[in-house]
Amino acid sequence: MSILDTRGRNAAGIFILSLRADEEVSAIAAQEPRLNDEITVRECRLIDFDGNQLGVYPTAQARRVAEEAGYDLVEIAPNANPPVCRIMDYGKFKYDQAIKAKQARKNQSKVEIKEMKFRPKIDVGDYETKKKHVLRFLEAGNKVKITIMFRGREMAHPEQGLSILERLADDLKDIAVIENQPKMEGRNMHMLIAPLPAAARKKKDATKDEGKDE
């Protein structure tokens with residue numbers, strides 16, 4: 001956060017406040033600042049409720065100004081010289097921040113990793129059924145871990161499992177991308193695929209349409 005710009009040779013310096021509203025909110029939200037009587041410094045640079053700079057005040061006087069206005073005195077930049085305090089309704093600020101955080105969590109898209117297991121000698125019908133499940137996972141925005149399970153002598157032919165993974169990746173190439181290449185771990189071979197971003201999918205669809213027109 002850009003707080004103050006120091007000029008001159010005086011040890012205290014002359015500070016020019018350059019807080020933008022969004023930066024200030026982020027700064028206050030990122031910490032639990034000292035309020036009112038908790039602020040023990042002798043003086044502070046004061047900002048009023050509307051964001052106007054009022055200059056350097058004795059902290060006791062700044063506290064009285066805040067009290068008379070019916071608000072709190074909040075120390076928003078404790079490491080500045082002198083510290084910067086703002087007059088604000090801190091309770092309302094915290095409430096608004098909690099509501100915004102709750103809404104952000106609600107709107108946040110949670111990406112899950114689903115898993116679909118195949119056998120190296122899977123028949124066509126079973127393959128198509130499992131592919132539909134994978135497709136459904138991808139369309140829901142989830143990543144999918146594809147696992148090929150080997151048993152007994154099947155371990156001698158890992159190329160069979162790799163062939164299934166390559167076939168699946170090719171079948172889903174218009175909606176998915178390989179995030180982790182096929183890798184053998186113990187008796188299983190894994191590959192992680194993820195849904196293509198919407199923009200990339202649209203571009204692919206447009207390219208396909210152009211090809212059809214030709």
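As the structure is a computational prediction, the values presented were derived from the model and not from experiment.
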Smallest separation among heavy atoms of [X] and [Y], with atom names:
X      : Y      : answer
Met88  : Val74  : CG-CG2, 3.4 Å
Asp174 : Leu196 : O-CD1, 3.5 Å
Glu75  : Pro83  : OE2-CB, 3.7 Å
Leu165 : Met191 : O-CE, 3.6 Å
Arg153 : His157 : O-CD2, 4.1 Å

[X] (side chain) donor-acceptor with [Y] (main chain) under 3.5 angstrom:
X      : Y      : answer
Ser163 : Glu159 : no
Glu38  : Leu35  : yes
Asp50  : Asn52  : no

**Request:** Dump the intermediate steps for side chain to side chain contact (heavy atoms under 4.5 Å, CB included) on Phe118 and Thr147, then the final yes or no.
**Result:** CA-CA 6 Å; Phe118 291 73; Thr147 300; over 6 Å; no
Reported [atom1]-to-[atom2] distance for the pair [X] and [Y], which is rounded to 0.5 angstrom:
X      : Y      : atom1 : atom2 : value
Lys145 : Glu179 : NZ    : CD    : 13.0 Å
Lys92  : Gln97  : NZ    : CD    : 10.5 Å
Glu115 : Phe137 : CD    : CZ    : 10.0 Å
Arg86  : Ile76  : CZ    : CD1   : 7.0 Å
Cys44  : Gln61  : SG    : CD    : 9.5 Å
Tyr127 : Ile122 : OH    : CD1   : 8.5 Å

Verify the cluster assignment for [X] and [Y]: are they in a single hydrophobic cluster under the rule of side-chain heavy atoms below 4.5 Å apart?
X      : Y      : result
Leu162 : Met149 : no
Ile175 : Met116 : yes
Phe93  : Ile39  : no
Leu168 : Ile178 : yes
Leu192 : Ile164 : no

Mind checking whether [X] and [Y] have side chains closer than 4.5 Å, heavy atoms only?
X      : Y      : answer
Met189 : Pro158 : yes
Ile47  : Val84  : yes
Glu185 : Lys183 : yes
Phe150 : Met184 : yes
Leu73  : Ile87  : yes
Glu67  : Asp72  : no
Ile113 : Asn142 : no
Ile193 : Leu138 : yes

**Message:** So that I can tick it off, tell me whether Arg167 and Asp170 are bridged by a salt bridge, with the cut-off set at under 4.0 angstrom between side-chain N and carboxylate O.
**Reply:** no
**Asked** Less than 4.0 Å between a side-chain N and a carboxylate O, is that true for Arg187 and Glu154?
**Response** no
**Message:** salt bridge (charged side-chain N to carboxylate O under 4.0 Å, His left out) for Glu112 and Lys143? Distances and angles first, verdict last.
**Reply:** CA-CA 6 Å; Glu112 296 183 15; Lys143 297 181 181 181; over 6 Å; no
**Request:** Would you please name every residue forming a salt bridge (Lys or Arg N to Asp or Glu O under 4.0 Å) with Lys130, sequence neighbours left out?
**Result:** none
**side chain to side chain contact (heavy atoms under 4.5 Å, CB included) assessment of Gln160 paired with Ile148** = CA-CA 9 Å; Gln160 292 180 347; Ile148 306 295; over 6 Å; no
**Request:** Could you verify whether a donor N or O on one side chain and an acceptor N or O on the other, from Asn36 and Tyr71, lie under 3.5 Å apart?
**Result:** no
